Amino acid sequence: MTELQFVNLGLTAYQPTWELQQKIFNLRVDQKISDVFLLTEHNHVYTLGKSSEEAHLLADENELKSANAEVYHIDRGGDITYHGPGQLVGYPIVDLNNYYPDTHRYLRDLEEVLIRTLKDFDINGHREENYTGVWVGSDKIAAIGVKVSRWVTMHGFALNVNTNLSYFDRIIPCGIFHKGVTSMQKILGNGVPFDNVIKSVSSRFGEVFGTHTVTLEKDEFLAKINQITSEKI
């Protein structure tokens, strides 16, 4: 059974978390650490993947400034999406050689983790045949965009828990014109305890991927990464 280090980073800015992902990715490629699963909430940010259309960002510079939202072009697949407080973002950095060298299956398994998580809260999520992600009715509740290099993964998913959905008005989410977005809060009619969703995602990820999950505190994990990086240099 593969060991997975599970770390809740809390609320983070996008840039340093992206840099942390890259650092962990390099360590994982070099077999310096075991698989890692980061969870976080981001400050308001729009990220554009490699296949993004600039026109899918509808807000101009003044609107972005007033919304306290940053914009980043990143190296994952997919189009534009939004991250912000109340949304659970997951970054599994895992070596698929230990599971299966199959990116398509990996995407389907991430969807399965989220579908099972939603089921824990009596929400029936499902797949859409022509799109990646998880849906409730005709509305998207979770976006997925990944990078896989040398069979090691980066980036991941974003699940709308108590998300301010008005931020999606400034984009065409994932480049899909004719679909809406939703959140667990909107569906259930009340705020959802965030820690409960984190526990569910952690449990369901281990269940779907068959991992032995070890939970680490943020400070302990970051100190460990810094130590390994220093030793490597």
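Bear in mind the structure is a predicted one, so any value in this text is a computation, not a measurement.
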Taking atom types as modelled, is there a side-chain donor on [X] or [Y] under 3.5 Å from an acceptor on the other?
X: Tyr99; Y: Asp109; result: no
X: Thr163; Y: Gln185; result: no
X: Thr12; Y: Thr40; result: yes
X: Asn162; Y: Gln87; result: no
X: Tyr82; Y: His44; result: yes
X: Asn124; Y: Lys119; result: yes
X: Thr2; Y: Asn98; result: no

Sequence neighbours left out, what passes ring pair (Phe, Tyr, Trp, His ring centres under 6.0 Å) with [X]? Give chain and number order.
X: Phe205; answer: Phe37, Phe209
X: Tyr72; answer: Tyr14
X: Tyr91; answer: His42

Compare all side-chain heavy atoms of [X] with those of [Y] and state whether any distance is below 4.5 angstrom.
X: Val136; Y: Ile123; result: yes
X: Gln5; Y: Lys224; result: yes
X: Asn196; Y: Asp120; result: no
X: Met184; Y: Phe121; result: yes
X: Gln15; Y: Val45; result: no
X: Phe194; Y: Leu88; result: yes
X: Tyr106; Y: Leu96; result: yes
X: Leu20; Y: Leu9; result: yes

Smallest separation among heavy atoms of [X] and [Y], with atom names:
X: Gly206; Y: Thr213; value: CA-OG1, 4.2 Å
X: Ala142; Y: Leu114; value: CB-CD1, 3.7 Å
X: Pro92; Y: Gly156; value: CD-CA, 4.0 Å
X: Val7; Y: Lys218; value: CG1-CA, 3.9 Å
X: Phe25; Y: Thr153; value: CD1-O, 4.0 Å
X: Val146; Y: His155; value: CA-CB, 4.1 Å

Q. Restricting to pairs with a member in residues 206-216, which pass salt bridge (charged side-chain N to carboxylate O under 4.0 Å, His left out), not counting sequence neighbours?
A.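 Pairs touching residues 206-216 that pass the test: Arg116-Glu207, Arg204-Glu207.
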Q. Which pairs with one or both residues in residues 149-164 pass salt bridge (charged side-chain N to carboxylate O under 4.0 Å, His left out), sequence neighbours excluded?
A.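 Found none.
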Q | Partners meeting salt bridge (charged side-chain N to carboxylate O under 4.0 Å, His left out) with Arg108 (sequence neighbours left out) | A |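 Expected list: Glu111.
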Q: Take Val161 and Leu159, measure what side chain to side chain contact (heavy atoms under 4.5 Å, CB included) needs, and give me the verdict at the end.
A: CA-CA 6 Å; Val161 182; Leu159 174 63; 4.2 Å; yes
As an exercise, state the distance from [atom1] of [X] to [atom2] of [Y], rounded to the nearest 0.5 Å.
X: Leu4; Y: Asp35; atom1: CG; atom2: CG; answer: 6.0 Å
X: Lys23; Y: Ile93; atom1: NZ; atom2: CD1; answer: 11.5 Å
X: Asn43; Y: Leu11; atom1: CG; atom2: CG; answer: 4.5 Å
X: Asp195; Y: Ser200; atom1: CG; atom2: OG; answer: 12.5 Å
X: Asp75; Y: Lys147; atom1: CG; atom2: NZ; answer: 4.0 Å
X: Asp102; Y: Leu107; atom1: CG; atom2: CG; answer: 9.0 Å

Q) Taking the six-membered ring of Phe168, is NZ or CZ of Arg170 closer than 6.0 Å to its centre and within 45° of its axis? A)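 No, Arg170 does not sit over the ring of Phe168.
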**Q.** Met154: which of Gln22, Arg76, Arg28 passes side-chain contact (heavy atoms from CB on, under 4.5 Å)
**A.**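 It is Gln22; the other options fail the test.
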**Q.** Passing option when Tyr167 is tested against Asn164, Leu165, Asp169 for side-chain contact (heavy atoms from CB on, under 4.5 Å)
**A.**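 Only one of Asn164, Leu165, Asp169 forms a side-chain contact (heavy atoms from CB on, under 4.5 Å) with Tyr167, namely Asn164.
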Please confirm whether the backbone N or O of [Y] pairs with a side-chain atom of [X], one donor and one acceptor, at under 3.5 Å?
X: Thr117; Y: Val113; answer: yes
X: Thr229; Y: Ile225; answer: yes
X: Glu41; Y: Gly86; answer: yes
X: Ser203; Y: Lys199; answer: no
X: His126; Y: Gly137; answer: yes
X: Asn8; Y: Glu217; answer: no

Q) Does the pair Leu110 and Val134 meet the rule for a side chain to side chain contact (heavy atoms under 4.5 Å, CB included), with working shown? A) CA-CA 9 Å; Leu110 288 182; Val134 178; over 6 Å; no
Q: Kindly determine whether Val192 and Val197 satisfy side chain to side chain contact (heavy atoms under 4.5 Å, CB included), including the steps that lead there.
A: CA-CA 8 Å; Val192 181; Val197 183; 3.6 Å; yes
Q.
Under the criterion side chain to side chain contact (heavy atoms under 4.5 Å, CB included), I'd like the reasoning laid out for Val36 against Phe6: C-alpha separation, chi angles, the key distance, then a yes or no.
A. CA-CA 6 Å; Val36 174; Phe6 178 82; over 6 Å; no
